[in-house]
Amino acid sequence: MSAPSSGHGKTAIAVGLLAAMASRGVPTAGFKVGPDHTDAAYLGLAAGRPGRNLDPRLVGAQRIAPLFGHGASGAQLSVIEGAMGLFDSLTGQPEIDGTAAVAAALRAPVALVVDVAAMGHSLAALVHGFRMFDEMVHLGGVILNRVASPRHEQMLRSALDDIGMPVLGALRRGDLPNVLPSRAHGVVPVAHRTVEAGRAVRRLGEAVAQSLDLDRLMALAASAPALPGPLWTPAEAGEPVEMRPVVALAGGPGAFYTYVETAELLTAAGADVVIVDPLRDETLPPGTRALIVGSGLPEGYAEELSANRRLCAGVAQLARDGWPVVAEGVALPWLGRELDGRAMCGVLDITGVTGEQTVAGYREATAPGTSVLAPAGARITGYKQHRAVVTPRAGAAPAWTWSGGNPEGFVWRQVHASQLGLHWAAAPEIAKRVVAAAVAGPAQQPQMAGPSMPMNNVPMNSVPMNNPVPQMTGPAPQVAQPMPMAAQGMPGPVPAGAPGGGPVPAMAHGSGPMPGAGGAAPAGPISGPQPAGSPPDPAPAPGQAPGMASPDGYAAMPQSEGYGAMPQADGYAVMPQADGYAGMPQSEGYAGMAAPPNGPAPQRPGSGMPNGGPIHGGPHSGAADNRPTSDIQIPS
């Protein structure tokens, strides 16, 4: 399901199509191209099973087809929602990671959603151009959105009939309700199974069922050929350990705050995965030996995170005791002393302030030292999208380094915290390392074992992950029986060999062939180098928060799923919000300083001062951020 650009309504129609088919009793599965957690969550809510992401940049092009086949096992219809326009790409390399590239790799037919409110016969020229642009992409039909009148619809159908392009349905102006919750809430309405989210999905399903030719869409999906190669399996994480440690994974009963494969890999590696919601749960699950907080937790919940003081104290104690804690995205400032003046967990000696621009981009990151997540020298591609600026940016032992930018994040004891989000399917060994560390218990200082020498430029997927974790003397703590995911209402992992796991019809959107699609993983880095030609990030002006500069020279970009206006070379263009979502939220300036939770006061990374010591370099100290060139800075 794609479109000429963002803003044509493809998200609402994709969600509605899944809901409409699910209401007919058709087993469905929903996928999102790219790293967007929010759209994937709503697609999953409509399908009745976890929504998944297909991102060649994060997992490698060769894993797209296996991951899709795994996620679609047991489904009769899979709907893949594209990102941006059919031939667009956030990195400027649509032949690698664009929507068209994913459609070509899966050989999935494309349904093109077009907002025709201001179009006539020119629609035929537009559609013909999309059909002929890439011979590897099969454009199977067009969905007309915002048709003005019956006469308008007849004119458009006649124009498309002249070029032999089927019309799969038509929605009048107002037929597609603008009901999806604001993107400011991110995954939370789905994770919390709110009435608002459920009602939105139901109304979209009703609108699509009345306006689209569902039988013709099903036939189009059935035309997709069988997928080549084997399915992906979480067993790539390795043999499970004998002891099943409790690993707390942030999320809610309706969705995780990370990619679904993370839970599947942890389970395959031997963990009992139990959900903990930082916004609602006041304590960690009984017997927790590791905590994972993914990048899907929205940034706009500083007040709720701060108000949950009991959980903050529990997380701080878990980290200080030396158990593994992996934090991505807003979880980094959550582990700090404060965010926007609100008290946080106090594990790291950092402060966070929400800026007015969103920083977004992929990173080919290198682990400068050994941590619970990776050995020194391991490389992996991640994605970051945040407005929070933390000070200092990195500790004495950074989490990641990358070309063209300063180190970022913190490694302290068995804490690994950064604003970079990872897709663990790209490196299943991560789950094995985390589970092994949880079994071994608090690591001996300074860090868990790994290669004795730094291994520069060693891809993560080529480094053995069987280095033993130092064992503590004495018996391991007793682990309480956890409540499994199914008991909490969370859909469990879909087994690779589930019934109906053969060839699955799919609908998508696509570009040129993907290098290595369906083949073995390359021995080199998981993703290629970042696109060249972007200008370097400037140092912030005096008195300006790091990373908030917006220089001229950024290429004009379309609106990406409602994230706000992209910087133009001649200023900021006001663009419509895509797919009915509201714009990025404005931060609230909360007053007051935070005190760390009670308990022992070990040395914390950052300023090098013990608990309660001064923080050097506040959020407006003027320290250069020097973000690498693939960042996109988006005004709110």
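Ring planes of H185 and Y301: tilted class, angle from 30 to 60°.
No side-chain donor-acceptor contact under 3.5 Å links T194 to the backbone of V190. Between the side chain of K32 and the main chain of G82, a donor-acceptor pair closer than 3.5 Å is present. Under a 3.5 Å cut-off, the side chain of H192 and the backbone N or O of G254 do not form any donor-acceptor pair. With hydrogens and angles disregarded, a donor-acceptor distance shorter than 3.5 Å links the side chain of R131 to the backbone of I163. Formation of a donor-acceptor pair under 3.5 Å by the K10 side chain with backbone atoms of M84 is found in this model. With E299 contributing its side chain and R387 its backbone, the two residues share a donor-acceptor pair below 3.5 Å. Put simply, the side chain of E328 gets close to the backbone of L422: a donor and an acceptor are under 3.5 Å apart. The backbone N or O of A263 lies less than 3.5 Å from a partner atom in the side chain of T267, making a donor-acceptor pair. Proximity of a side-chain donor or acceptor of R107 to a complementary backbone N or O of A226 within less than 3.5 Å is detected.
For the residue pair T358 / Q385, no side-chain donor-acceptor distance below 3.5 Å is found, with atom types taken as modelled. Between the side chains of S5 and H8, at least one donor-acceptor pair of N or O atoms lies under 3.5 Å. Between the side chains of D55 and Y259, no donor-acceptor pair of N or O atoms lies under 3.5 Å.
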From CA spacing to verdict: side chain to side chain contact (heavy atoms under 4.5 Å, CB included), M165, F130: CA-CA 11 Å; M165 179 58 62; F130 271 82; over 6 Å; no

Going through the checks in order, is the salt bridge (Lys or Arg N to Asp or Glu O under 4.0 Å) test met by E261 and R52? CA-CA 8 Å; E261 290 81 2; R52 297 173 185 265; 3.2 Å; yes

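The closest side-chain heavy-atom distance from L43 to V15 is below 4.5 Å. Looking only at side-chain heavy atoms (C-beta outward), L249 and Y257 stay at 4.5 Å or farther from each other. Put simply, the side chain of I96 does not reach to within 4.5 Å of the side chain of T91, judged on heavy atoms. When side chains are defined from C-beta on, L180 counts as touching T11, because their heavy atoms get closer than 4.5 Å. Using a 4.5 Å heavy-atom threshold, the side chains of L58 and Y362 count as touching. At a threshold of 4.5 Å between non-hydrogen side-chain atoms, the residues P278 and E304 do not count as touching. Side-chain contact between L266 and W424 is present, with at least one heavy-atom pair separated by less than 4.5 Å. Two residues are said to be in side-chain contact when any heavy atoms from C-beta on lie closer than 4.5 Å; S295 and H386 fail this criterion.
Rounded to the nearest 0.5 Å, atoms OG (S149) and CZ (R172) are 6.5 Å apart. Residue D175 holds its CG atom at 12.5 Å from CD of E206, rounded to the nearest 0.5 Å. Note that CG of L67 is 9.5 Å distant from CD of Q62, once rounded to the nearest 0.5 Å. Distance check: M1 CE to I13 CD1 gives 7.0 Å after rounding to the nearest 0.5 Å. For the atom pair F68 CZ and L106 CG, the distance stands at 5.5 Å (nearest 0.5 Å). Interatomic distance, L112 CG to L86 CG, rounded to the nearest 0.5 Å: 6.5 Å.
Applying side chain to side chain contact (heavy atoms under 4.5 Å, CB included) to L171 and the options V147, N145, V116, L144 leaves one that passes, N145.
Heavy-atom minimum distance, P181 versus Y42: CG-OH, 3.1 Å. In terms of heavy-atom proximity, P27 sits nearest to G74 at CB-O, 3.6 Å. Here the closest non-hydrogen pair linking H70 and P234 is CE1-CD, 3.9 Å. Nearest heavy-atom pair across G9 and L176 is O-CD2, 4.1 Å. Contact record, A111 with I143: CB-CD1, 4.4 Å, taken as the closest heavy-atom pair. Contact detail for A75 and T28: the closest heavy-atom pair is CB-C, 3.9 Å.
Heavy atoms from other residues, nucleotides or ligands lying under 6.0 Å from CZ of R157 number more than 12.
Between D36 and R183, at least one side-chain N (NZ, or NE/NH1/NH2) sits under 4.0 Å from a carboxylate O, which counts as a salt bridge.
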Determine all donor-acceptor pairs shorter than 3.5 Å in which one atom belongs to a side chain in residues 209-222; sequence neighbours excluded.
unit_1	atom_1	unit_2	atom_2	d
S211	OG	A207	O	3.2
D213	OD1	D215	N	3.4
D213	OD1	R216	N	3.1
D215	OD1	R24	NH1	3.2

